[in-house]
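Along the sequence shown, the residues carry numbers beginning at 1.
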Amino acid sequence: MKEQLSQIEVLAKQQLEEASDAKAVEELRVKFLGKKGEITAILKQMGQLSAEERPVIGQLANKVRADIEEAISERAASIKASEQERLIKEETLDVTMPGKAPKIGRLHPLNKTLEEVEEIFLGMGFEIVEGPEVETDHYCFEALNMPKHHPARDTQDTFYINENVVLRTQTSSVQIRTMENKKPPIRIISPGRVYRSDAVDATHSPLFHQIEGLVIDKGITMADLKGTLELLMKRLYGEETQIRLRPHHFPYTEPSAEVDLMCYNCGGKGCPMCKNEGWIEILGAGMVHPKVLRDCGIDPEEYSGFAFGIGLERITMGNYEIKDMRLLYENDMRFLEQF
Ligand code: DAH
């Protein structure tokens with residue numbers, strides 16, 4: 001038994017050396033000192049011993065137990081210490097390391113321009129409203145005085161979802177939705193995405209943005225339209241900016257006009273930017289057609305109004321002198337970081 005006991009002690013110390021964490025140490029404590037442990041097993045056999053041997057073995061067993069207990073607590077303490085040391089090393093903060101600057105986002109040039117435009121119209125008492133991009137043929141065309149097979153439809157290559165549902169080609173659809181839901185006076189702008197089945201090039205994209213405007217009240221004239229647009233353009237491009245209205249045709253306005261901006265590059269003299277015209281076309285506008293008003297339940301004898309549709313890409317490209325529209329959609333940080 002003596003031998004067994006000293007073997008247990010040697011074994012316990014050996015295994016403790018190899019124990020690498022607190023859990024392993026605890027397992028060894030149970031294995032050697034626990035109720036079903038090895039020392040207990042030996043003590044249980046003490047009854048077989050003679051009266052002289054019993055106290056000797058008993059003493060030895062107690063000493064071995066005490067030695068193992070001590071070895072266990074030493075091992076546990078040293079494991080704890082090295083664990084702490086490891087943590088301290090791991091968590092050390094080197095304040096001399098170079099910092100990592102967080103990347104700060106910024107507004108896309110289209111959103112910057114849109115926010116500017118919204119600010120200007122809010123200042124004039126306009127509301128901002130939105131309409132759906134998936135639109136019925138009715139709101140996108142029919143109610144705007146463009147029945148099926150109307151030639152004006154050919155200028156807007158349409159993505160059809162089915163015969164009566166389209167991706168809207170123009171934000172003008174929101175004019176109708178607004179007039180159906182709201183009594184005059186109406187003063188709204190409606191920015192949003194529009195879609196046309198166009199091939200991508202420097203000035204075309206199948207997805208682009210428009211800002212629709214609509215004003216309906218008593219006594220609204222073309223002078224109000226011109227004054228409003230002039231104010232917008234002066235705010236956007238500077239006080240010396242001039243616009244001109246050219247006669248045009250849109251089925252939902254009468255009279256209709258295309259509005260040109262004096263070339264911001266050459267000031268009207270003619271340059272490659274304006275194709276030597278001195279002017280750059282930026283939007284369509286006009287006085288809302290009496291038929292459109294009447295179909296929306298507004299009496300054209302009592303009310304009149306103007307509408308316009310601005311290309312957000314056009315005015316953004318003008319504002320920042322961006323020559324190729326594709327740059328606006330490519331998400332190239334080298335480009336976007338300039339704004
Ligand atoms: N919807 C036209 C287009 O996409 C732009 C436009 C022209 C809007 C005249 C209007 C308007 O509100 O009165 O080309």
Electrostatic pair Glu27-Lys23, nearest N-O below 4.0 angstrom = yes
In this structure, CD1 of Ile128 is separated from CD of Glu118 (nearest 0.5 Å) by 3.5 Å
Min side-chain heavy-atom separation Thr253-His289 under 4.5 Å | no
Answer yes when Arg29 and Glu26 have at least one side-chain N-carboxylate O distance shorter than 4.0 Å, and no when they do not.
-> yes
Look at the side-chain heavy atoms of Ile, Leu, Val, Met, Phe, Trp and Tyr, link any pair under 4.5 Å apart, and say whether Phe126 and Leu236 land in one connected group.
-> yes
Salt-bridge present (Glu127, Arg187; N to O < 4.0 Å) | no
Any ion pair linking Arg106 and Glu337 (charged N to carboxylate O, less than 4.0 Å)?
-> no
For Glu83, does the CD atom have more than 12 heavy-atom neighbours from other residues, nucleotides or ligands under 6.0 Å away?
-> yes
Interatomic distance, CG@Leu245 vs NZ@Lys226, rounded to 0.5 Å, equals 6.5 Å
Does one hydrophobic cluster hold both Ile188 and Met287, with members joined at side-chain heavy-atom distances below 4.5 Å?
-> no
For residues Pro185 and Val215, determine if any side-chain heavy atom of one lies less than 4.5 Å from a side-chain heavy atom of the other.
-> no
Check whether any side-chain N or O of Glu142 sits under 3.5 Å from a backbone N or O of Asp137 as a donor-acceptor pair, and report yes or no.
-> no
Residue pair Lys63, Leu5: steps toward the side-chain contact (heavy atoms from CB on, under 4.5 Å) verdict | CA-CA 10 Å; Lys63 185 176 173 308; Leu5 279 168; over 6 Å; no
Mind running salt bridge (Lys or Arg N to Asp or Glu O under 4.0 Å) on Glu9 and Lys13 for me, showing each step along the way?
-> CA-CA 6 Å; Glu9 182 167 354; Lys13 288 187 172 164; 3.0 Å; yes
Quick check: are there more than 12 heavy atoms from other residues, nucleotides or ligands sitting under 6.0 Å from NZ of Lys148?
-> yes
Quick one: are Ile68 and Ile39 in side-chain contact, heavy atoms under 4.5 Å?
-> yes
Is there a donor-acceptor contact under 3.5 Å from the side chain of Asn162 to the main chain of Val165?
-> yes
Thr316 OG1 to Leu114 CG distance, which is reported to the nearest 0.5 Å | 8.5 Å
Provide the closest heavy-atom pair for Gly47 versus Arg54 in the form atom of the first, atom of the second, distance.
-> O-NH2, 4.0 Å
Whether over 12 other heavy atoms sit under 6.0 Å from Arg235 CZ = no
For residues Asn111 and His108, is any side-chain donor paired with an opposing acceptor at under 3.5 Å?
-> no
Is the closest side-chain donor-acceptor distance between Gln210 and Gln170 under 3.5 Å?
-> no
Shared hydrophobic cluster, Val129 / Met124 (ILVMFWY, side-chain heavy atoms < 4.5 Å) = no
Check: His209 main-chain N/O paired with Glu313 side-chain donor or acceptor under 3.5 Å = yes
Donor-acceptor pair, Arg196 side chain versus Gln156 backbone, under 3.5 Å?
-> no
Heavy-atom neighbours of Arg86 CZ exceed 12 at 6.0 Å = yes
Please round to the nearest 0.5 Å and tell me the distance separating atom CD1 of Ile220 and atom NZ of Lys218.
-> 12.0 Å
Would a 4.5 Å heavy-atom cut-off, applied to side chains only, mark Ile72 and Leu33 as touching?
-> yes
Quick one: CD on Glu17 to OG on Ser78, what's the gap to the nearest 0.5 Å?
-> 8.0 Å
Between the side chain of Thr158 and the main-chain N/O of Tyr160, is any donor-acceptor distance below 3.5 Å?
-> no
Take atom CD in Gln338; do more than 12 heavy atoms of anything else shown fall under 6.0 Å from it?
-> yes
Same cluster for Phe250 and Leu214 if Ile/Leu/Val/Met/Phe/Trp/Tyr side chains link at under 4.5 Å?
-> yes
Going by the angle between their ring planes, with limits at 30° and 60°, are Tyr320 and Phe339 parallel, tilted or perpendicular?
-> perpendicular
Would you kindly confirm whether Val174 and Phe306 end up in one hydrophobic cluster when ILVMFWY residues are joined by side chain heavy atoms under 4.5 Å apart?
-> no
Looking only at non-hydrogen atoms, find the nearest pair between Leu283 and Gly309 and report the distance.
-> CB-O, 3.2 Å
Just checking, Arg177 and Tyr139: is the charged tip under 6.0 Å from the six-membered ring centre and within 45° of the axis?
-> yes
Sidechain-backbone polar pair: Arg65 side chain, Phe32 backbone, donor-acceptor under 3.5 Å = no
Report the residues that fulfil ring-ring contact (aromatic ring centres under 6.0 Å, His included) with Tyr195, sequence neighbours left out, ordered by chain and then residue number.
-> none
Just by distance, do the side chain of Thr40 and the backbone of Lys36 share a donor-acceptor pair under 3.5 Å?
-> no
Please name the pair of heavy atoms, one in Tyr237 and one in Gly318, separated by the smallest distance, quoted to 0.1 Å.
-> CE2-C, 3.7 Å
Is there a side-chain contact between Asp299 and Leu293 (heavy atoms, below 4.5 Å)?
-> no
Heavy-atom distance under 4.5 Å between the side chains of Trp279 and Arg244, does that happen here?
-> yes
Between Asp324 and Ala202, what is the shortest heavy-atom contact and its length?
-> OD1-CA, 3.4 Å
Is the backbone N or O of Phe159 less than 3.5 Å from a side-chain atom of Ser197, with the two atoms forming a donor-acceptor pair by type?
-> no
Any chance you could lay out the side-chain contact (heavy atoms from CB on, under 4.5 Å) test for Leu232 and Val117, step after step, and finish with the verdict?
-> CA-CA 7 Å; Leu232 170 69; Val117 171; 4.1 Å; yes
Where is the tightest heavy-atom contact between Leu229 and Ala285, given as atom of each residue plus distance?
-> CD1-CB, 4.3 Å
Within the distance-only criterion (no hydrogens, no angle test), does the side chain of Asp295 pair as donor or acceptor with the backbone N or O of Val292 below 3.5 angstrom?
-> no
Mind listing the closest non-hydrogen atom pair of Val134 and Leu167 along with its distance?
-> CG2-CD2, 3.9 Å
Salt-bridge test for Glu116 and Lys112: reply yes if a basic N is under 4.0 Å from a carboxylate O, no otherwise.
-> no
Would you say Thr171's side chain and Val194's backbone share a donor-acceptor pair under 3.5 angstrom?
-> no
Between NZ of Lys31 and CD of Gln15, what distance do you get to the nearest 0.5 Å?
-> 3.5 Å
